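A quick write-up on the structure given underneath.
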Protein chains: 2
Amino acid sequence: MRIGELATRTGVSVRALRYYEEQRLLAPERSPSGQRHYPDGAVDRVELIQQLYAAGLSSKSILELMPCVVSGEATPELLDRLAAERDRINRRITDLVSTRGRLESVISNATESWRTGRPCRPH
Amino acid sequence: MRIGELATRTGVSVRALRYYEEQRLLAPERSPSGQRHYPDGAVDRVELIQQLYAAGLSSKSILELMPCVVSGEATPELLDRLAAERDRINRRITDLVSTRGRLESVISNATESWRTGRPCRPH
DNA sequence: CTGAAACCTGACGTTGACGTCACAGGCAGA
DNA sequence: TCTGCCTGTGACGTCAACGTCAGGTTTCAG
């Protein structure tokens, strides 16, 4: 498929797909006239890339971990990197859970003080 | 306390503290010579700001939600905003959990293929 | 064959949360 | 008084992941 279809099917922009290629996260074939041609598997791959971006990984990290993720190749260093990223994600999760708890208590507190007519305990 | 002490006590840079003030997230008093003077509560406040930044909120969002968080003041719109941010955090958490699961399966798969001498199932 | 839509490369613009630098004034100990 | 660190205000730099625009080529439906 060509770049436009891949874009619509993944929901990412054409520009982003070209950027991913620039970062060597994708390597589509080229037609004789120079147009990019992607295999079907590119859809999953792009979604994986998006997921890793969303998890806070940089292009460089994704690039390093990509061979391991797609083909299972692994060196001890790659496994360490993977574990390190997993740990970072774990930390982010616990941080977010904590923040959510704080927001929820703020919400219930504020809702209560709203319902009962504005006496609000000072934090 | 002055800005340097607040910086060391919170772990954020002096520049960041001045930036927060520029964003009206802090409003320290000034000594006659113009130096900023923070109350003790500023430490907690800065840590709250950091926590909200880490949760993906922008300066603007933090500014809007701040009165509600610190003093419990709430309008229906503010409560909606708070709930919306909580929902966004929830989505981020579920996304991160999913990504963590994926990474973990990659890790166990790669570890296995490493232990057993490199036959790796094709994803 | 033709015109619109999709594609190409290259290059500059954007955004947020600061880093960094220059230059000047303020403060405490010796 | 001197010295050295802290603080002040600009103002420009950074970085990543794209957005956007210009100017030209390719593809395809009619």
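Naming: A, B, ... by sequence-line order, numbering from 1 per chain. These numbers were taken from a predicted model, which means no experiment stands behind them.
At whole-Å resolution of the value, OH in Tyr38(A) and P in dC7(C) are 10 Å apart. For the pair Leu17(A) CG and dC8(C) C1', the interatomic distance rounds to 14 Å; values are reported in whole Å. Separating the CG atom of Leu57(B) from the C1' atom of dA17(C) is a distance of 14 Å, rounded to the nearest angstrom. Ile3(A) places its CD1 atom 15 Å from the C1' atom of dT27(D), with the value rounded to the nearest Å. Rounded to a whole Å, the CG atom of Leu25(A) is 13 Å from the C1' atom of dA16(D). Taking atom NE2 on His37(B) and atom C1' on dT7(D), their separation rounds to 11 Å, with Å as the unit. The separation between Arg18(A) atom CZ and dG10(C) atom C1' is 11 Å, rounded to whole Å. Distance CD (Glu22(A)) to P (dT9(C)): 10 Å, rounded to an integer number of Å.
In this structure, the nucleotide among dG8(D), dA6(C), dG16(C) sitting nearest to the side chain of Tyr19(B) is dG16(C). Relative to the side chain of Ser13(B), the nucleotides dC18(C), dA17(D), dT7(D) differ in distance, and dC18(C) lies closest. Listed nucleotides: dC8(C), dA17(D), dC12(C). Nearest to the side chain of Arg15(A): dC12(C). Considering only the side chain of Ser58(A), dA17(D) comes nearest among dG8(D), dT9(C), dA17(D).
Proximity of Leu17(A) to Arg36(A): side-chain heavy atoms (C-beta onward) are nowhere separated by under 4.5 Å. Side-chain contact between Arg102(B) and Leu48(A) is present, with heavy atoms from C-beta onward closer than 4.5 Å. Within the 4.5 Å cutoff, the side chain of Pro39(A) has no heavy atoms near those of the Met1(A) side chain.
Between Ser33(B) and the phosphate of dC27(C), there is a side-chain N or O to OP1/OP2 separation shorter than 4.0 Å. Phosphate proximity of dG26(C) to Arg36(B): absent, as no side-chain N or O sits under 4.0 Å from OP1 or OP2. The phosphate of dA5(C) (OP1 or OP2) has no side-chain N or O of Arg2(A) nearer than 4.0 angstrom. Listed pair Tyr20(A) / dC18(D) meets the phosphate criterion, a side-chain N or O lying under 4.0 Å from OP1 or OP2.
At a threshold of 4.0 angstrom between heavy atoms, the contacts of Ser59(B) are confined to the sugar-phosphate backbone, with no base atom among them.
Salt bridge absent: Arg18(B) and Glu22(B) never bring a charged side-chain N and a carboxylate O closer than 4.0 Å.
Both Pro32(A) and Gln23(A) sit near DNA chain D, but only Gln23(A) has its closest nucleotide nearer the 5' end.
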Glu5(A)/Arg2(A) under salt bridge (Lys or Arg N to Asp or Glu O under 4.0 Å): CA gap, chis, key distance, verdict: CA-CA 6 Å; Glu5(A) 188 182 347; Arg2(A) 294 191 300 171; over 6 Å; no

